[in-house]
Amino acid sequence: QVQLVESGGGLVQAGGSLKLSCAASGLTFRSYDMGWFRQAPGKEREFVAAVRKYGGATYYADSVKGRFTIARDNAKMTLSLQMNDVLPEDTATYYCAAGSTIITSTIGRSASYTNWGQGTQVTVSS
């Protein structure tokens, strides 16, 4: 059974930093492209960042580029999201997702990912 478990969420002041982690089990982690998505209350789930199977190419939403960094450790089967210079609009529930074969043009679509975590809440105060 595939499990993705996020951790590291919490309350942070604007301009601060937070690091999210996702622990994976039940899948061949290195064979999956991994992504972070977020969903704020009343809004649709949106793409944040993604990293290819072997940790090569990374992709970011324009809204987080230069502030967030996605990384993976295939040996430890973990995914992380380092969030710096956070803004109140970064407040959302953050989800870890896995997809086995994702075309580059669809890397930012939630439908491209087959497995999801339960999410971790991030709240940024102004």
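Summarising the geometry of Ser126 relative to Ala14, their closest heavy-atom pair is CA-CB, 4.3 Å, with the distance given to 0.1 Å. Between Tyr113 and Ile107, the closest heavy-atom pair is OH-O, 2.6 Å. Between Ser31 and Lys53, the shortest heavy-atom distance links the atoms O-CE, 3.0 Å. Considering all non-hydrogen atoms of both residues, Phe29 and Asp73 come closest at CE2-O, 3.9 Å. Between Val86 and Asp90, the shortest heavy-atom distance links the atoms CA-OD2, 3.4 Å. Taking every heavy atom of both residues into account, Glu6 and Tyr95 meet most closely at OE2-CA, 3.4 Å.
Side-chain contact between Val51 and Leu79: present, with at least one pair of heavy atoms (C-beta onward) separated by less than 4.5 Å. Annotation: side chain of Thr104 is in contact with side chain of Arg52 (closest heavy-atom distance under 4.5 Å). Contact check for Trp36 versus Met83: no side-chain heavy atoms found under the 4.5 Å cut-off. When side chains are defined from C-beta on, Thr91 counts as touching Gln121, because their heavy atoms get closer than 4.5 Å. For the pair Thr78 and Ser21, the minimum side-chain heavy-atom distance is 4.5 Å or more.
When atom types are taken as modelled, the side chain of Arg67 and the backbone of Asp85 share a donor-acceptor pair closer than 3.5 angstrom. Judged purely by atom type and a 3.5 angstrom limit, Thr93 has no side-chain atom pairing as donor or acceptor with the backbone of Gly119.
Within the model, atoms CD of Glu89 and OG of Ser63 stand 8.5 Å from one another, a figure rounded to the nearest 0.5 Å. Rounding to the nearest 0.5 Å gives a distance of 12.5 Å between CD of Glu44 and CZ of Phe37. Leu27 contributes atom CG, which lies 11.5 Å from atom CD of Gln1 (distance to the nearest 0.5 angstrom).
Taking the six-membered ring where tryptophan is involved, the planes of Tyr94 and Phe68 are tilted, since the angle between them lies from 30° to 60°.
The number of heavy atoms from other shown groups lying within 6.0 Å of CD (Glu46) is above 12.
Considering Thr120, Val64, Leu81 as possible partners of Arg38, the one that fulfils the side chain to side chain contact (heavy atoms under 4.5 Å, CB included) test is Val64.
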